[in-house]
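So the structure is just underneath, and the comments pick up after that.
Keep in mind that the numbers below use all heavy atoms, side chains included, and drop hydrogens, waters and symmetry copies. Counting begins at 1 with the first residue of the sequence. Treat the numbers as computed from the prediction; the structure is a model and nothing was measured.
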Amino acid sequence: MNNRISVLMIEDDKNICSYINTLLSANSYHVISALTGREGLNLAASLCPDVILLDLGLPDMDGYDVLQQLRLWNRAPIIVVSARTMETDKVTALDMGADDYITKPFSNAELMARIRTSLRHCRGNPYDRIYKALDLEIHFEKRLIFLEGKEIHLTQVEYQLLTLLAANSGRVLTYRFIMSAIWGPYIDNNNQILRVNMANIRHKIEKNPAQPQYVFTEIGVGYRMHENEYEPSLNEFQ
């Protein structure tokens, strides 16, 4: 029985397919390739891969249509890997259910890190009871936040925003997603209230808010938080 993590790559460029296949195979992933959207949908249904890498520029159908069809039934992490660099493309893909968006060209380390992050969230990582990155710690169950060992006090909305980002650390959350999660689906599209709260959070947790270490802005798209570095001791699972 093959216990390796399986990755379905839906990409029509054979050179990129070969490159990613070599990279992932060298890191003990099992890679399946599809050169068209229709073939990718069929393989996703029959093989149930652990992760899906999706190009948007496919020869037989638009990548957004593939993404939309996959999200009707498939819950595997979907990482869009595309040459399209427009902010609107990123926002559309993330709002349609993509877990992440990487623009070509990308580094080996970036792709591997994005895959690891998507798998961690998909599997409901028990580490998420505590978030730790650099000098920041968030204890979700105790509702406590520490910076350099000192407790940080946030307003209720600020706490909800920061913990939402921390629970999805390493992933880009769009402005629309964040505002809907915090203020409800009927909030208008003016994200001024979000920007004000994020500015307040940064002044409380960042040494230099203009050069953040924890919460990063994906301009025109949303926010991303430094990936969780916490590693639990074995007794936490006993």
Requested in this report: Report the C-alpha separation of Thr155 and Asn200 in whole Å, then their side-chain angles, then the decisive distance to 0.1 Å, and conclude whether the side chain to side chain contact (heavy atoms under 4.5 Å, CB included) test is met.
Outcome: CA-CA 10 Å; Thr155 67; Asn200 292 338; over 6 Å; no
Requested in this report: Decide side chain to side chain contact (heavy atoms under 4.5 Å, CB included) for Ser6 and Leu47; before the verdict, give the C-alpha distance in whole Å, the side-chain angles of both, and the deciding distance to 0.1 Å.
Outcome: CA-CA 9 Å; Ser6 61; Leu47 300 179; over 6 Å; no
Query raised in the report: Can you list the steps and then say if Asp95 with Thr174 is a side-chain hydrogen bond (donor to acceptor under 3.5 Å, both in side chains)?
Result: CA-CA 7 Å; Asp95 280 341; Thr174 65; 2.9 Å; yes
Query raised in the report: Step by step, would you call Val51 with Tyr29 a side chain to side chain contact (heavy atoms under 4.5 Å, CB included)?
Result: CA-CA 10 Å; Val51 182; Tyr29 289 86; 5.9 Å; no
Requested in this report: I would like to know whether Asp100 and Ser118 meet side chain to side chain contact (heavy atoms under 4.5 Å, CB included); could you show each step before the answer?
Outcome: CA-CA 8 Å; Asp100 209 341; Ser118 67; 5.9 Å; no
Requested in this report: Just do the salt bridge (Lys or Arg N to Asp or Glu O under 4.0 Å) check on Glu227 and Arg116 with the steps written out, would you?
Outcome: CA-CA 11 Å; Glu227 187 170 351; Arg116 289 194 299 270; 5.8 Å; no
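Side chains of His139 and Phe146 form a contact here, defined as non-hydrogen atoms less than 4.5 Å apart. Residues Ile20 and Val7 form no side-chain contact, since every pair of their non-hydrogen atoms from C-beta on lies 4.5 Å or further apart. Contact annotation: the side chain of Leu162 never approaches that of Lys204 to less than 4.5 Å [non-hydrogen atoms, C-beta and beyond]. Residues Lys104 and Asp55 meet the side-chain proximity criterion, which asks for heavy atoms closer than 4.5 Å. Counting heavy atoms from C-beta outward, Arg38 and Gln69 have side chains that approach closer than 4.5 Å.
Considering every non-hydrogen atom in both Leu94 and Val172, the closest pair reads CD1-CG1, 3.9 Å. Here the closest non-hydrogen pair linking Ser82 and Arg84 is OG-N, 3.0 Å. The two atoms that bring Glu206 and Gln213 nearest to each other are OE1-N, 2.7 Å, heavy atoms only. In terms of heavy-atom proximity, Arg71 sits nearest to Met96 at CG-O, 3.8 Å. Shown here for His203 and Pro209, the closest heavy-atom pair between the two residues is CD2-CG, 3.9 Å.
Met61 and Tyr64 fall within the same hydrophobic cluster, where Ile, Leu, Val, Met, Phe, Trp and Tyr residues are linked whenever their side-chain heavy atoms come under 4.5 Å apart, directly or through other members. Both Ile182 and Phe140 belong to a single network of hydrophobic side chains, linked directly or stepwise wherever heavy atoms of I, L, V, M, F, W or Y lie under 4.5 Å apart. In the hydrophobic clustering of this structure, Tyr223 groups with Ile193; members are Ile, Leu, Val, Met, Phe, Trp, Tyr whose side-chain heavy atoms approach within less than 4.5 Å, directly or through other members. Linking Ile, Leu, Val, Met, Phe, Trp and Tyr whenever their side-chain heavy atoms come within less than 4.5 Å leaves Leu35 and Val31 in two separate clusters. In the hydrophobic cluster analysis, where Ile, Leu, Val, Met, Phe, Trp and Tyr join through side-chain heavy atoms closer than 4.5 angstrom, Phe216 is grouped apart from Met198.
Side-chain atoms of Asp89 do not come within 3.5 Å of backbone N or O of Thr85 as any donor-acceptor pair. Asp13 contributes a side-chain N or O that, together with a main-chain N or O of Ile16, makes up a donor-acceptor pair within less than 3.5 Å. Counting only distance, with no hydrogens or angles, the side chain of Arg202 and the backbone of Val215 share a donor-acceptor pair below 3.5 Å. A side-chain donor-acceptor contact under 3.5 Å links Asn228 to the backbone of Ile130. In this structure, the side chain of Ser18 does not engage the main chain of Lys14 through any donor-acceptor pair within 3.5 Å. Listed for the Asp99 side chain is a donor-acceptor partner under 3.5 Å among the backbone atoms of Ile78. The backbone N or O of Gly37 sits less than 3.5 Å from a side-chain atom of Asp60, completing a donor-acceptor pair. Proximity of a side-chain donor or acceptor of Tyr214 to a complementary backbone N or O of Asp135 within less than 3.5 Å is detected. Remark: the backbone N or O of Thr22 is not paired with any side-chain donor or acceptor of Ser25 at under 3.5 angstrom. Checked by atom type and distance alone, the side chain of Arg114 never pairs as donor or acceptor with a backbone atom of Gly170 at under 3.5 Å.
Within 6.0 Å of atom CD in Glu151, more than 12 heavy atoms from other residues, nucleotides or ligands are found, so the atom counts as buried in its surroundings. Counting heavy-atom neighbours within 6.0 Å of Met112 CE, excluding the residue itself, gives a total above 12.
Of the options Lys90, Met86, Glu110, a side-chain contact (heavy atoms from CB on, under 4.5 Å) to Thr103 is made by Lys90 and by none of the others. When each of Leu41, Leu54, Leu56, Val80 is paired with Ile10, the side-chain contact (heavy atoms from CB on, under 4.5 Å) condition holds for Leu54 and for no other.
Using the six-membered ring where Trp is involved, Phe106 and Tyr19 have ring planes that are tilted, between 30° and 60° apart.
Taken from CD in Gln156 to CZ in Arg143, the straight-line distance is 7.0 Å, to the nearest 0.5 Å.
In this structure, Glu137 does not pair ionically with Lys142, as no charged nitrogen and carboxylate oxygen lie closer than 4.0 Å.
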